[in-house]
Every structure is written in C-alpha cells, then in structure tokens.
Number of protein chains: 2
Amino acid sequence: MNDKTAPDESAAQVTGGETSPPTLKTIAFMTGLGVTTVSRALKDAPEIGAATRQRVQLVARQIGYRPNRAGVRLRTGKTNVISLVLNTEEQIGGFVSDLIYGISEALAPTPYHLVVTPYSRTNDPLEPVRYVIETASADGVIISHIEPDDPRVRYMTEHGMPFATHGRTHMGIEHPFHDFDNRAYAREAVQKLAALGRKRLALLAPPSNLSYYTHMRDGFADALMEHGLSEVPFPTATVDHSIEDIRKLAAELLLRPNRPDGFVSGAGAGTFALVAGVEDAGFKLGQDVDIVSKQTSKLLHLLRPQLYVVNEDVRLAGAELARAVLGRIAGRDLASLQSLSQPSAVEAYEG
Amino acid sequence: MNDKTAPDESAAQVTGGETSPPTLKTIAFMTGLGVTTVSRALKDAPEIGAATRQRVQLVARQIGYRPNRAGVRLRTGKTNVISLVLNTEEQIGGFVSDLIYGISEALAPTPYHLVVTPYSRTNDPLEPVRYVIETASADGVIISHIEPDDPRVRYMTEHGMPFATHGRTHMGIEHPFHDFDNRAYAREAVQKLAALGRKRLALLAPPSNLSYYTHMRDGFADALMEHGLSEVPFPTATVDHSIEDIRKLAAELLLRPNRPDGFVSGAGAGTFALVAGVEDAGFKLGQDVDIVSKQTSKLLHLLRPQLYVVNEDVRLAGAELARAVLGRIAGRDLASLQSLSQPSAVEAYEG
DNA sequence: GGCAAGAACTGTAACGTTGCAGCTCGATCC
DNA sequence: GGATCGAGCTGCAACGTTACAGTTCTTGCC
C-alpha cells in the first residue's frame, strides 16, 4: 500500500542503528499513515479522525519528535526566531543581561529562539533592522533606545515586521511597547526631595534624543512647579556620558554660586559618578545634598546608604517585551500589548 | 536551451513588481546559466571557468544575493548559529552583557548568528546542551560556569559538537577555552596586601564546584606561603551568595578574635557586600582592612577609593570564545584555540 | 440501486540549496 | 579518423515540511 514511504531508511529508526532524529516520515512509517496525514494530525487539523490524531500524537511524543526548524522555515517562511537588536556601546551595568534573561525566560516555553543582533554606534541604527527584514531572519524584533520619531519603528511598520519597543514613540504609529513610567518616577523623586526640604534641584537626564528624556523632563518640571521648587540646569550631562564626564560636570555644578541641593538621577551608573562628583566638590550626601536615583540592580545603597532609590525591574521588562512581540505575531489586540510599569515607592536605606 | 529555469516567476525579479529576495534561480536566469553552476561559481569551485565565476559573482553582488539560511541548513545541516548557554540566575552585574557584546562583535563579520539558550538553576545544566545537540540547532556552543569535571564538556565531546568554555576543565579532555588567570590574580592580590603590611588574609572565593575556585585558591595559598602570611578561613561565603549573606558573614568574621586585616575578593559585586560588611563591623577601609578585588566594570573606585582593583576584560573574553568555537568548527589546531588572559597590575585609586 | 455528499486520508510539488552523476565539446593522442 | 580526455557546464534528487488537489470509502437520500 505504501509503495513510496515504506522501504527507505526510515525503517532504520525503528530497527536501531544510527539514530538520526525522527521526522514526519519516521512517524508515517511507524503508524502506517501518509506523511501529509501525520503533519495534519500533529497540528490538530479537523479533517483528521480523532483516533488517528491521538495515535499520531502519542507516537510523536514517545519517540521525541520535534519539527525540523529548517524544513518549516523553508516551506513556510516562519523562522521561530525573535531578534533582539542591541547597541554594543551600551552604557555600563547589568541592564542588558536582565533584559535578555527576561526575554529568554518568556520565550522558553515557546518554540521561539532568541537571536542577538548587534550594532555599534558608528553604524546606522537602521542597519540591523534592515538586515533582519531583508533576510527575513526573524518573525519579530525587539528594540530599545527608542526615539520619539523612530526611523526603525517606521521602517518595520512599513514592511509589516512585528516588533515591540522598550520605550514609547510619539509619531502617530500605534505599536506594542513596554516602558517604565519615567514621568511618574521623576515626580516621585522630586516629591521626595521636596519633603526633605530641598529647594534647588538638578536632573541627570537621559540623552535628549530618546523618548524617555521627554517623559522624565516633563515629570520633573511638573513636580517642580507643583512643589514650588526651582531647577538648576545641568544641561550637558546625560546618563550616557562617561563616568569621568558626569563626575567632573557634577563637581563643577556644585561649585557654582547657585548650586543645587538635590539631584534626580536617571540611571544607576550615572549616580555612581554623581556621588563622586558631589564628594569631589566637598559636599556631603544627606547633609548638603540629597540624591534620588533609579537603579536596575541593588547596589546603590551599598555605595552610599544616604541615597534614595527607586527600583526598575528590567527582567520584567524583558518578559513583557517578549509577550508583546509574540502577541503581535499572533495578531492579538494592540491594547493588550502595551504596558507601562509603575515605579516602586522611593526607598531609603534601612540598615 | 533552458527549458526548465526560464519561464517561471524568477523573471519577475528582473522585470520589477513584488521584490522577493533573489535566489540562485534568479542569478541563474539573469546569467543564463544553470542553478548548479551558479552555486558552484559562488563558492569558487575550480571546475567553473574563471570568466563565468567572476560574472556570476558580480551579478550576485549587484543584486545583493544572500544565501537562504533555511535552504542551506536543510540541505547541509549547517546552521550558521553559535549558541550561548546561560544560567538565568547569574549573579548581578554587567558580566553577561559584556560577554554577549564580545561574542556578537566577533561574529558580526561572519555569517554566524548568536542564539541565547537559557537555563535556570532548577534545571539540569545538561538540558540546554542536550537540546542543542538533539535538535542540531547550532554549529557550536559556548558555555561558562565550568567545573573541573564538567558533564557538558564530556557530553559535547562524545557527540562531536564543537564548543568553547569560559574557564578550564581538568578531566583529560582537551578543548578550546578562554580563561582569566585567577591564579595569577590571587597571587598579585596577596602580594599587594603583603606589601601593604597585611598579615592575616581572607579570601572571598568562587563557588567551590567551579574550576576557577581551585585556581584562585591555589594562587592565594601559594602567595600566602611565599610571603609568610596566614589565612583567616572565610569558608561559607562565596561570590555567588546574596549580597546580604556576604555582608553579614563578613561582619561576623571581623568581630571574631582572629580577624583578618586583608581580603582578596573574587568578584566585583561581592566586593560591594564585603565593604558594607567591613563597615558594619565598625572597621575602616585602608586603615584597619585592605581589600583587593577583581572587577569587570569600573565602578569599585567610585564605591571606595581605598580599594585596590584588577580589571577583567569580559568583552575580550567573549571575542576570544567566539574565535575559539569558530576555530574549532573550522578544524583548526587546538593550541591556537586556548587562551589565558593575564590580570592587569593591581590598581590603586588615583584621584 | 444509483448517486451525491462528506469524512478521512493520500500523493505531488514546492520552498532554496548542494552532492552526484552525468553531458557536450574541443583538443590531444596514436 | 576514431578514441580518449578533461574543462566546463548541466539536471536530478534530496534535505523536512506543508498547501493543494485529489482519491477512497462510507453513509444517506430518493
């Protein structure tokens, strides 16, 4: 009956010898069915009888069948790959580690693999995204360092590539994202400093081209107004500057006549530099100056217990981003794929 | 002449319309050659005429031909993937980020993609390796957290899977690796403390099941002997313990009668905890106690300028590991695929 | 009894690539 | 002049999968 499938080396699967991984053909041979039937049965197609379906699935499970990724990919174009696009000149810190852990844990129970696609600042940030799309090497993409009008978002939208962004855009394109509410963070931070009696605050802001620069700035400005505080401009420094730069700039700022008595810091590593700068200038933390900082790892209170911290859970962000791209690929409703994580309350050291 | 290849939709490539990526067929049609010839010509096969070869390669370059990964993989089994196996319960810090940057930069000029394969401590560490081998989902593997007798190394060797390890084994199997010379580091660290007049040293060691535990311990012990110093056992703490644990244990240690006056620390994050513990116990860094620590990011001197540090370049390690697996895949000589990175000199703070 | 309908299954072809076994044709040899 | 050779090219088949277009066979209807 099975003139075609029977007499080839699939029989070897059963009779022993070299064990190459089972394929549909193996199962077809074992069950006496056609390859097509097996394929359909494994995907719960309705036109396959319930008994057959169960039988095939049982055999498949028993022999540890796993669809061949290359076969599926060649036939259907589905790669089962999510590409994480990373800037390899990322600032210091465990940020990226946690993001990757979060993503890969979320992908673990799915058939998706995580591929890291790097680019360096010298390259066009669009380059890796173009590569993924041109070579169709992933079903979905995750990007970070989002700008309000982000060319990558435009490009992927135009080319129908599902993606999720770690940060929000403001360009009239709706898309999946996850973001930390930096506006709320800045407000909380200012409120804390106000409660401590601080009057003249400076902001160690993100790079001004990124979306969350605006969010953080807005929250900062709003809260200043609300509490009747004034801002000491700290314009040239951003969390992306080198440690040495931030340190020097902070020290200089504190030696000016109208020195700040409080800082809001947008990133943990920047805070290390900020503290050093404050102390270089001869001021004492918790006495002359207070600092509220975000952190992604829990080291700041070991640096100086006088710091006030808000924790940002990047691992969670990774998991949310993974869920968001997968949801997009599955065609789920956009609203459920956009999430904003609220800052925890400002924490003082409790030793 | 070309009854088979000519009249299909490959023509559409040239005439415009929907642009699906070019394949061998496209080039075959454009050059008037057979698909096989084009394939051979692109790999510089000797049986293709020099003129034809150049012509084909020119056309391929012009239209931006890229081999279809799924096609190649299905046909040859070659995945062009390197899998990085990671423990998602990794200690804090940018360690993994840097490793990934190093690897992906080294892979960038090659056709290889980097896939991150996670596992958590609760799982069998062999599981991800088995997965990669059973599904043949990578051409090479990179693993870290190496044990002297590592089951993953044995497994991959037995199954002929190329790999490189971040750390050395001692099990009679030669394989590619990159390692930081933790023995030399510990010796340098002890020497520094001896020069500072310290007499009773404690070691914040790696987890005792890992290879570099032994290396660091040996270097530590050798140098103690050499300089006539004594060890204060600090047995329960390892760099993998939580920050709170290390902190508490360090404080306790310092309140014992025979307290240490110097520490050698095996990891940056551990040093944060160590410093806190020392200060909890009421001792002063640089006065009552000195600490020499490894670090992978440059934050320790901002934590306390009194610390002595040795830098470990993890990005370099990543690049070396990538080179090592690729070399193994290419069948290169083992000796050239094993590298040991020497610690930089101990650095004091220069503010 | 003949026929239509549908349930359950099937083979073929194709995705893009490469190993293999050819084929053609001009040059060389005896 | 016919056989031989090799350079240069070719089509076929296969890797594992799935869309598509059937093919059987049972069942129910008139």
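Numbers restart at 1 for each chain; the letters A, B, ... are given by sequence-line order, proteins then strands.
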Phosphate OP1/OP2 of dT10(D) contacted by T36(B) side-chain N/O (<4.0 Å):
no
Report, one pair per line, the protein and nucleotides 22-25 of chain C atoms (nitrogen or oxygen only) whose separation is under 3.5 Å.
none

Ignoring hydrogens, what is the shortest heavy-atom contact between R152(A) and Y119(A)? Give both atom names and the distance.
NH1-OH, 4.0 Å
Mind checking if T76(A) touches a base, just sugar-phosphate, or nothing, with heavy atoms under 4.0 Å?
sugar-phosphate
Within 6.0 Å of CZ in R168(B), more than 12 heavy atoms from elsewhere
yes
Interatomic distance, K43(B) NZ vs dG16(C) P [rounded to whole Å]:
16 Å
Rounded interatomic separation in angstrom, taking CD from E47(B) and C1' from dT18(C)
12 Å
Heavy atoms under 4.0 Å, any strand shown: does I48(A) hit a base, just sugar-phosphate, or nothing?
sugar-phosphate
Is S137(B) close to Y131(B) at the side-chain level, that is, under 4.5 Å between some pair of heavy atoms?
yes
pair R61(A)-L58(A): side-chain heavy atoms closer than 4.5 Å:
yes
Distance in angstrom units between K78(B) NZ and dC15(D) C1', rounded
17 Å
From CG of N68(A) over to P of dC15(C), roughly how many Å is that when rounded to an integer?
18 Å
Separation of atom CG in L33(A) from atom P in dT17(D), rounded to whole Å:
15 Å
Which of dA13(D), dG16(D), dC9(D) is nearest the side chain of R75(B)? It is dA13(D)
Comparing Y65(A) and T52(B) on DNA chain D - which has the more 5′ nearest nucleotide:
T52(B)
Is K25(B) near enough to dG16(C) that one of its side-chain N or O atoms lies under 4.0 angstrom from OP1 or OP2?
no
Any heavy-atom pair between the side chains of V115(A) and V81(B) that's under 4.5 Å?
no
Ion pair present between E127(B) and R130(B), side-chain N to carboxylate O less than 4.0 angstrom?
no
Would you kindly give the CG-to-C1' distance between L42(B) and dG16(C), to the nearest whole Å?
13 Å
Toward the 5' end of DNA chain D, which comes first, L24(A) or V38(B), by nearest nucleotide?
V38(B)
Can you check the I27(B) CD1 to dG16(C) P distance for me, whole Å?
12 Å
Residues H175(A) and T157(A): side-chain donor-acceptor under 3.5 angstrom:
no
L74(A) CG - dT18(C) P separation (whole Å)
12 Å
